[in-house]
Novice: 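Supplied in structure tokens, the structure appears directly below.
Quick note on labels: first sequence line is chain A, next is B, and so on, each numbered from 1. Below, all heavy atoms of this structure are taken into account, side chains as well, without hydrogens, waters or symmetry copies.
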There are 2 protein chains.
Amino acid sequence: MSRKLLEQNGICPVATTIDLLSSKWKVLIVRDLLTGTKRYSELKQSVAGISQKMLTQSLREMESDGLVTRHAYAVIPPKVEYRLSDLGNSMRPVIETMANWGSVYLDQNPDKRKKLAQSE
Amino acid sequence: MSRKLLEQNGICPVATTIDLLSSKWKVLIVRDLLTGTKRYSELKQSVAGISQKMLTQSLREMESDGLVTRHAYAVIPPKVEYRLSDLGNSMRPVIETMANWGSVYLDQNPDKRKKLAQSE
DNA sequence: CAGCATCCGTCTGGATACTG
DNA sequence: CAGTATCCAGACGGATGCTG
């Protein structure tokens with residue numbers, strides 16, 4: 001229903017952004033690609049908890065949306081790298097703003113921290 | 001599964017933010033409350049396409065997450081107003097950054113605009 | 001007006017097994 | 001390593017009907 005959202009909210013810029021970042025996974029993938037090119041297996045690691053199905057599916061959609069580019073090397077074993085396109089990179093401020101907000105929130109709500117130790 | 005995301009990604013600030021803004025609807029609700037207090041029926045209008053079930057459910061969750069406050073007036077017919085808490089208001093930069101990104105994106109991809117006319 | 005309760009189809013997404 | 005293919009449970013969310 002992601003496309004429908006855009007339709008129903010017309011040309012709202014916020015809805016547009018959400019539309020391209022439709023799932024949580026995509027946001028986290030962008031987050032991890034902001035630091036540079038990553039292999040499939042690296043993403044699988046850094047995006048804690050994602051299944052290969054969701055990772056592949058998300059990457060494919062992001063590719064067709066022009067957020068990510070895929071670079072496959074004809075070697076054995078296979079090696080595939082993903083990196084942000086210019087469009088994907090332009091999302092940096094969005095992710096950073098989220099990161100800032102989350103940091104402040106975590107600072108002010110120490111209880112939310114208790115859960116686990118760092119993951120990245 | 002929203003809480004699980006936070007757990008599995010540890011204390012990642014980005015994941016934290018996504019966690020509180022877990023659904024698209026919530027983002028759009030915050031967007032609309034940024035301009036001030038709104039009644040239930042007004043939100044139902046401005047958040048195009050949302051069902052009363054989803055609206056109520058989202059508002060309840062946002063309330064318990066401390067993003068939104070609810071003010072019910074004992075009149076007939078009933079009147080209930082919703083407004084952002086300080087925490088909710090602090091999300092303004094997040095939504096604005098999304099809006100900015102979406103605006104630029106729409107400007108550079110005029111084809112995405114064709115769909116419909118303005119909705120808000 | 002502002003909900004709540006319920007039914008129920010749809011789709012998401014995890015688990016598992018297999019391949020170039 | 002980097003996927004693809006299937007199965008399937010459970011969550012999501014719309015529609016409908018009913019209240020204070």
Side-chain angles (χ1 to χ4, degrees), chain A residues 1-9 15 18-29 32-33 36-65 68-83, chain B residues 1-9 15 18-29 32-33 36-65 68-83:
Chain A
M1 87 159 312
S2 70
R3 299 297 131 168
K4 218 181 291 177
L5 214 201
L6 184 57
E7 286 165 27
Q8 299 190 319
N9 277 277
I18 298 176
D19 200 46
L20 287 183
L21 248 37
S22 54
S23 85
K24 313 158 190 271
W25 298 127
K26 291 184 185 176
V27 180
L28 298 177
I29 290 171
D32 288 345
L33 288 181
T37 297
K38 284 207 167 44
R39 299 183 59 167
Y40 182 88
S41 52
E42 293 179 300
L43 284 172
K44 185 89 171 52
Q45 279 293 318
S46 62
V47 183
I50 197 172
S51 63
Q52 74 282 52
K53 178 181 177 179
M54 278 301 97
L55 179 55
T56 301
Q57 183 179 308
S58 300
L59 287 169
R60 295 282 173 281
E61 291 176 9
M62 295 169 80
E63 221 189 316
S64 83
D65 281 339
V68 159
T69 56
R70 195 183 103 112
H71 306 270
Y73 299 86
V75 296
I76 290 183
K79 173 176 175 177
V80 180
E81 290 184 339
Y82 292 91
R83 69 188 63 167
Chain B
M1 86 158 313
S2 68
R3 300 296 131 169
K4 219 181 292 177
L5 214 200
L6 184 58
E7 286 166 27
Q8 299 191 319
N9 277 276
I18 299 175
D19 200 46
L20 288 183
L21 250 35
S22 54
S23 86
K24 313 158 190 273
W25 298 128
K26 291 184 186 177
V27 180
L28 298 177
I29 290 171
D32 289 345
L33 288 181
T37 297
K38 284 205 169 45
R39 297 182 60 167
Y40 183 88
S41 52
E42 293 180 300
L43 284 173
K44 185 88 171 54
Q45 280 292 317
S46 62
V47 182
I50 197 172
S51 63
Q52 73 282 56
K53 177 180 177 179
M54 279 300 98
L55 179 55
T56 300
Q57 183 178 308
S58 301
L59 287 170
R60 294 285 172 279
E61 291 177 9
M62 294 169 80
E63 223 190 316
S64 83
D65 282 339
V68 160
T69 56
R70 196 183 103 111
H71 306 272
Y73 298 86
V75 296
I76 290 184
K79 174 176 175 179
V80 180
E81 291 184 338
Y82 291 91
R83 68 187 62 168

Novice: Expressed in angstrom and rounded to an integer, what is the separation of Met54(A) atom CE from dA11(D) atom C1'?
Specialist: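 Atom-to-atom, Met54(A) to dA11(D), this comes out as 14 Å.
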
Novice: Sub-3.5 Å donor-acceptor pair from the side chain of Tyr73(B) to the main-chain atoms of Glu81(B), do we have one?
Specialist: no

Novice: Any chance you could measure Asp32(A), atom CG, to Ile50(A), atom CD1, to the nearest 0.5 Å?
Specialist: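 If I round to the nearest 0.5 Å, the distance is 9.5 Å.
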
Novice: Rounding to a whole Å, what distance do you find between Tyr82(B):OH and dG3(C):C1'?
Specialist: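 Value for this atom pair: 8 Å.
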
Novice: Hey, does the side chain of Thr56(B) come within less than 4.0 Å of dG3(C)'s phosphate (OP1/OP2), counting only N and O?
Specialist: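 No, Thr56(B) has no side-chain N/O under 4.0 Å of OP1/OP2 on dG3(C).
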
Novice: Checking Tyr40(B) side chain against Gln52(B) main chain: does a donor-acceptor pair fall under 3.5 Å?
Specialist: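 A pair under 3.5 Å: yes.
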
Novice: Under the 3.5 angstrom rule, does the side chain of Thr56(A) hit a backbone N or O of Lys53(A) as a donor-acceptor pair?
Specialist: no

Novice: Supply the atom-to-atom distance Met62(A) CE to Leu33(A) CG, rounded to the nearest 0.5 angstrom.
Specialist: 6.5 Å

Novice: Whole angstrom is fine here: how far is it from CD1 in Ile76(A) over to P in dC1(D)?
Specialist: 14 Å

Novice: Nearest 0.5 Å please: distance from the NZ atom of Lys44(B) over to the NZ atom of Lys38(B).
Specialist: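 Lys44(B) atom NZ to Lys38(B) atom NZ measures 15.5 Å (nearest 0.5 Å).
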
Novice: So if I take every side-chain heavy atom of Trp25(A) and compare against dC1(D), dC1(C), dG14(C), which nucleotide ends up nearest?
Specialist: dG14(C)

Novice: Can you measure Gln57(B) atom CD to dG14(D) atom P for me and round it to whole angstrom units?
Specialist: 10 Å

Novice: Have Tyr82(B) and Glu42(B) got a donor and an acceptor in their side chains that come within less than 3.5 Å?
Specialist: no

Novice: Send over the distance from Leu43(B) CG to dC1(C) P, rounded to a whole Å.
Specialist: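 Between P of dC1(C) and CG of Leu43(B): 14 Å.
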
Novice: May I ask you to verify if any side-chain N or O of Arg60(B) is less than 4.0 angstrom from the OP1 or OP2 atom of dG3(C)?
Specialist: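 Yes, within the criterion.
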
Novice: Please report, rounded to the nearest Å, how far the P atom of dC1(D) is from the CG atom of Leu59(A).
Specialist: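 Distance check: Leu59(A) CG to dC1(D) P gives 17 Å.
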
Novice: Check nucleotides 15-20 of chain C against the protein and report each pair of N or O atoms closer than 3.5 Å, with its distance, or say if there are none.
Specialist:
unit_1, atom_1, unit_2, atom_2, d
dT16(C), O4, Gln52(A), NE2, 3.3

Novice: What integer distance in Å separates Lys79(A):NZ from dG3(D):C1'?
Specialist: 17 Å

Novice: OP1 or OP2 of dC1(D) sitting under 4.0 Å from any side-chain N/O of Arg39(A)?
Specialist: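 It does not, given that no N or O in the side chain of Arg39(A) lies less than 4.0 Å from OP1 or OP2 of dC1(D).
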
Novice: Starting at atom NZ of Lys24(A), determine the distance to atom P of dG14(C), rounded to an integer number of angstrom.
Specialist: 11 Å

